[in-house]
Amino acid sequence: MSKHVNKLNPRQREAVLHIDGPCLVLAGAGSGKTSVITRKIAYLIEECGMPARHIAAVTFTNKASREMKERVSGLVKGVAARGLTVSTFHNLGLNIIRREHKQLGFKPGFSIFDAEDARALLKELMLKDGDLDSDHLDLVANQISNWKNDLTVPEMAASKAQSTGEAQIAEIYRRYNQALKAYNAVDFDDLILTPVRLFSEYPEVLARWQRKIRYLLVDEYQDTNSSQYLLVKLLVGDRGGLTVVGDDDQSIYAWRGARPENLFLLKKDFPSLELIKLEQNYRSTSRILRVANHLIAHNPHEFEKALWSEMGLGEEIRVIRCANEDAEAERVAMEILSQRLKRQIKFRDFAILYRGNHQARLLEIKLQAHQIPYSISGGTSFFARAEIKDVMSYLRLIVNPDDDNAFLRIINTPRRQIGTSTLEALGHYANQRQISMFAACHEIGLAEHIPAASLDRIQRFCHWLQHIGELCRGAEPVAAIKQMVEDIDYEGWLHQNASSPKVAEKRMENIWYLLESIKTIMQKADGEEITIEDAIAKLVLRDMLDRQAEEDDLDQVQLMTLHASKGLEYPHVFMVGMEEDLLPHRTSIEEDNIEEERRLTYVGITRAQKTLTMTWAGKRKQYGEIIETSYSRFLDELPEEDVNWEGMGQHNPDANRAQGSATLGSLLSMLGGAKPK
DNA sequence: CTGGAGCTCATTTTT
DNA sequence: TGAGCTCCAG
């Protein structure tokens with residue numbers, strides 16, 4: 001038997017060997033799904049003789065795609081792996097659009113608007129419109145994204161509108177798309193949607209891509225939305241060269257348009273689908289899995305699945321009642337300190353998981369107080385920082401002069417004495433002539449609308465930027481960008497504006513870090529030539545940023561949301577805030593979305609390898625007032641015999657559910673609540 | 001254009 | 001409670 005399968009268990013082996021038709025692998029948490037995908041790729045290349053360039057593996061995150069690339073290159077050596085596609089959905093979409101940009105009517109160097117850019121554009125459109133105020137920004141942005149993910153074009157949205165409100169949003173949607181087109185830009189959703197439309201409209205283009213991608217593997221399939229599924233379906237065609245791996249119990253992104261039912265739809269679209277379940281878990285103790293299975297059994301299931309492991313029974317799950325959220329954070333900190341000594345383990349063996357980012361703040365304070373090193377993943381992203389957005393806008397404008405949004409962001413940053421009236425006149429002129437603002441700057445006719453002094457300043461800026469652009473396409477792009485930052489004296493501008501020199505220095509450091517990243521990306525050109533356009537696109541798609549990698553090696557407790565923890569594992573896991581209104585979150589209770597919250601809890605539990613500790617606070621400060629809480633309903637869904645309850649006296653669902661039983665715990669909580677701060 | 005007072009709104013967020 | 005915003009006075 002092949003070397004690629006003899007380390008696998010029988011189910012995994014079956015999943016790797018089944019190549020004569022579509023294959024759905026239901027892979028429970030920790031069941032070795034990445035092994036299956038990577039070994040299947042190796043098997044296809046080395047045993048089936050399929051050239052690597054005809055195989056594509058698609059993931060959702062850059063992290064997953066990076067890991068997959070690494071693991072494949074460990075299995076398939078050298079030239080045999082050349083041309084293999086391992087990328088995120090969005091990256092694949094980007095590559096398709098790039099190759100076919102002419103057909104699609106995009107100029108090369110088109111911009112990619114991230115979520116933030118898209119919102120900024122929407123805000124502007126809504127402001128101009130007046131019908132909708134920007135209070136609804138979130139709603140509108142979400143609705144448009146949902147429409148795009150469900151393949152609904154503006155005209156369809158308008159005709160299906162149920163209310164005037166919806167019709168208004170549909171109108172904004174139309175203008176939003178129009179603006180993107182004018183800016184020669186796409187948003188994240190378009191990266192998937194555009195290839196789908198292309199393939200539906202041009203069968204010959206689709207055929208070409210089908211010839212290229214003969215075998216497709218998709219990771220985390222439960223997270224696909226409608227347009228992603230359609231993209232998969234189109235690429236696979238009726239040849240059935242498809243393996244998808246997923247777990248319906250780990251679907252936690254339905255609120256973002258993911259369609260976990262895509263897992264079962266597969267059966268309809270591919271009748272010959274082979275279903276393989278991976279139930280052996282290589283991560284956790286049997287106790288942890290029993291608890292996880294017991295919990296998730298409360299959800300309805302299309303496919304029954306029960307995880308098991310050979311890792312031994314393991315310790316009981318602890319559920320700890322704390323007086324309030326302060327005591328909870330304190331308790332977790334103390335647990336980490338004592339467990340670390342008792343078990344002789346590292347800080348990095350611990351993770352603290354929570355529902356909402358705001359819960360991290362108190363934990364941070366307590367960890368700091370006890371000098372426990374930690375790192376938080378998530379929070380304000382690097383790319384949300386104003387200085388990064390500024391430099392990125394310069395770069396975007398260099399690559400795509402039609403990007404009016406980028407133009408407007410940086411035309412007067414740093415100050416160039418180009419005021420609103422000048423820009424209004426310029427915008428008006430550009431609009432009339434149906435050209436971009438940058439292009440309008442070069443027109444002779446503009447002199448009639450703008451005072452000579454302003455015009456001169458604007459044109460000097462444009463010429464300078466063009467000059468930098470030429471340098472960027474030369475031999476030393478990074479040097480050119482550095483030159484650009486120096487030309488505009490961005491550093492001086494930062495110092496002038498920042499509240500302290502320290503802040504300015506920090507911001508400048510971020511910019512140097514950005515330039516370093518660009519340098520790395522351009523150097524990593526293994527064989528293929530990477531243009532400045534590619535580098536910027538990679539940055540916008542958050543690819544190739546090795547921030548996290550440095551931190552992974554440090555000995556730090558990991559703090560993150562339950563969502564962010566998917567796919568990760570830690571020896572000792574704390575889940576905090578196990579309360580009604582928090583873990584099932586209140587809005588989910590109101591919207592009757594308990595099942596997804598239960599899956600979220602399931603994801604949290606299955607992150608743990610050795611021990612799992614859940615905490616909850618009897619009282620919690622919420623919007624400034626102290627609220628009596630009751631513990632999460634999910635705690636009652638855990639098997640009694642595997643759980644050790646602390647601070648609640650005898651655990652008794654019926655009596656304890658409501659307040660009032662005079663247990664030691666409730667007495668303590670009364671003390672805690674009454675104590676002055 | 002900046003800074004401070006006042007108002008309002010509180011999930012999750014792979015790309 | 002407190003972060004993030006708008007709005008108005010300088």
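Residue numbering restarts at 1 for every chain, and letters A, B, ... go by the order of the sequence lines.
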**Request:** Can you tell me, in whole Å, how much space there is between the C1' of B/dT12 and that of C/dC5?
**Result:** 23 Å
**Item:** Pairing residues for A/Arg361 by the salt bridge (Lys or Arg N to Asp or Glu O under 4.0 Å) criterion, not counting sequence neighbours
**Value:** none
**Length of the CG-C1' vector between A/Leu562 and B/dT14, whole Å** = 15 Å
**Message:** Please report the distance separating the P of B/dT13 from the corresponding atom of C/dG4, rounded so that it comes out in whole Å.
**Reply:** 15 Å
**Asked** Syn or anti for B/dT12, with syn set at within 90° of 0?
**Response** anti
**Fill in**
Paired with A/Tyr253, the side-chain contact (heavy atoms from CB on, under 4.5 Å) test is passed by just one of A/Arg259, A/Glu220, A/Glu596, A/His563, namely A/His563
**Request:** With a 4.0 Å heavy-atom cut-off, tell me which residues in residues 587-600 of chain A come close to DNA chain B, sorted by residue number.
**Result:** A/Thr587, A/Ser588, A/Glu597
**Request:** Return the value, rounded to whole Å, for the distance between atom CG of A/Leu539 and atom P of B/dT15.
**Result:** 13 Å
**Prompt:** Below 4.0 angstrom from OP1 or OP2 of B/dT12, is there any side-chain N or O of A/Asn357?
**Reply:** yes
**Request:** Using atom CZ of A/Arg119 as one end and atom C1' of B/dT13 as the other, report the distance to the nearest whole Å.
**Result:** 11 Å
**Minimum-distance nucleotide (side-chain atoms of A/Tyr623 versus B/dA10, B/dT11, B/dT12)** = B/dA10
**Request:** Considering just the side-chain nitrogens and oxygens of A/Asn62, establish if one lies under 4.0 Å of OP1 or OP2 belonging to B/dT15.
**Result:** yes
**Request:** Take the protein atom CZ of A/Arg361 and the nucleotide atom C1' of C/dG4, then report the distance between them rounded to whole Å.
**Result:** 12 Å
**Prompt:** Could A/Arg586 and A/Glu590 be called an ion pair, given the rule that one side-chain N must be under 4.0 Å from one carboxylate O?
**Reply:** yes
**Asked** Are A/Lys233 and A/Tyr229 in a cation-pi setup, meaning NZ or CZ lies under 6.0 angstrom from the ring centre and within 45 degrees of the ring axis?
**Response** yes
**Prompt:** At under 4.0 Å between heavy atoms, what does A/Arg620 touch on the DNA or RNA strands: base, sugar-phosphate, or nothing?
**Reply:** nothing
**ring-ring contact (aromatic ring centres under 6.0 Å, His included) partners of A/Phe110, counting only residues at least two apart** = A/Phe106
**B/dT13 OP1/OP2 closer than 4.0 Å to side-chain N/O of A/Thr561** = yes
**Message:** Ignoring hydrogens and geometry beyond distance, is a side-chain donor-acceptor pair present between A/Gln558 and A/Tyr570 at under 3.5 Å?
**Reply:** no
**Centroid distance under 5.5 Å and plane angle under 30°, A/His90 vs B/dT15** = no
**Complete:** Out of B/dT13, B/dT11, B/dT15, minimum distance to the side chain of A/His358 belongs to B/dT11
**Message:** So if I take residues 252-261 of chain A and measure heavy-atom distances to DNA chain B, which residues fall below 4.0 Å?
**Reply:** A/Tyr253, A/Trp255, A/Arg256
**Request:** Answer with base, sugar-phosphate or nothing: what part of the nucleic acid does A/Asp223 contact at a heavy-atom distance below 4.0 Å?
**Result:** base
**Request:** For A/Glu533, check salt bridge (Lys or Arg N to Asp or Glu O under 4.0 Å) against everything at least two apart and list the hits.
**Result:** A/Arg473
**Asked** Listed by chain and number, what are the salt bridge (Lys or Arg N to Asp or Glu O under 4.0 Å) partners of A/Glu569, not counting sequence neighbours?
**Response** A/Arg283
**Message:** Salt bridge check, A/Arg620 against A/Glu579: does any charged N sit closer than 4.0 Å to a carboxylate O?
**Reply:** yes
